[in-house]
Peer 1: 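Pasting a structure below so you can have a look.
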Amino acid sequence: MRLLLVEDDATLSSRLRADLEQTGFAVDVANNGIDATFMGESEPYDIAVLDLGLPGRPGLEVLRHWRESGNPLPVLILTARDAWHEKVDGFKAGADDYLGKPFHSPELIARLQALLRRGVARPHGPLRVAGLALDEDTQTVGILATDETFDLTGTEFRLLRYFMLHPGQVLSKSRLAEHIYDFDTERDSNVLEVYINRLRRKLGRDLIATRRGQGYVFGLDAG
Ligand code: CA
């Protein structure tokens, strides 16, 4: 999942970035409202964490701008502690959730995971799709029919989670790469193929179908 982190406090943003990357997010950081506005419009993020007090352009204006241009990106805002009016203004501007500073990274991560699963049947516990159960805390996957569990590498986990959140859809290599790698990572679609084949070897060949010239479809045969 590709995440835009908008935070001008360099200490906080580098700590959050490390914690988020460890949880399998591909993270890009903006430290001001102008860059944030532009990045949110030009890159296909899956979710954003938006501080409200920002140089250049306040977070609320960034959010309003995204919403006015029809951008449905899920956004969690970071508010000052006890500033209840910021939360109200944030929701009115189109925020999906909020967290008051200071906070612990595990709470932020849990809220982001819950936001990403809206619209997927099961909001809590392992993500269950196509006969698999993905545990986001341990980054392992279980095959429900055989009760086998497999460890996943970071890239395998990010790739499988994206597939499981978009079952039955044709996903091109470039779309997959855009959503599992951050801006600074070189995106090599041949490498992606290697990871897809590794997932097939672990979890079954039919789980990820190849559509020649179009991309991949996850979970069509497995139910
Ligand atoms: Ca700030």
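No experiment lies behind these values; they were computed from the predicted model shown. Computed from heavy atoms alone, side chains included, the values below leave out hydrogens, waters and symmetry copies. Both ligands and their constituent atoms are indexed starting at 1 by order of listing.
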Peer 1: Restricting to N, O or S atoms, which atom of D51 is closest to the Ca ion (ligand 1)?
Peer 2: OD2

Peer 1: I'd like to know if the side chain of S172 pairs up with that of S174 as donor and acceptor (distance under 3.5 Å, no hydrogens or angles considered).
Peer 2: yes

Peer 1: Please say which of K101, R15, R17 ends up in a salt bridge (charged side-chain N to carboxylate O under 4.0 Å, His left out) with E7.
Peer 2: K101

Peer 1: What closest approach, in Å, do R67 and G94 show between heavy atoms, and which atom pair accounts for it?
Peer 2: NH2-O, 2.8 Å

Peer 1: D8: which N/O/S atom is nearest the Ca ion (ligand 1)?
Peer 2: OD1

Peer 1: What is the distance from atom CD of E136 to atom CE of M164, rounded to the nearest 0.5 Å?
Peer 2: 9.0 Å

Peer 1: Confirm or rule out an N/O/S atom of L78, from backbone or side chain, lying less than 3.0 Å from the Ca ion (ligand 1).
Peer 2: no

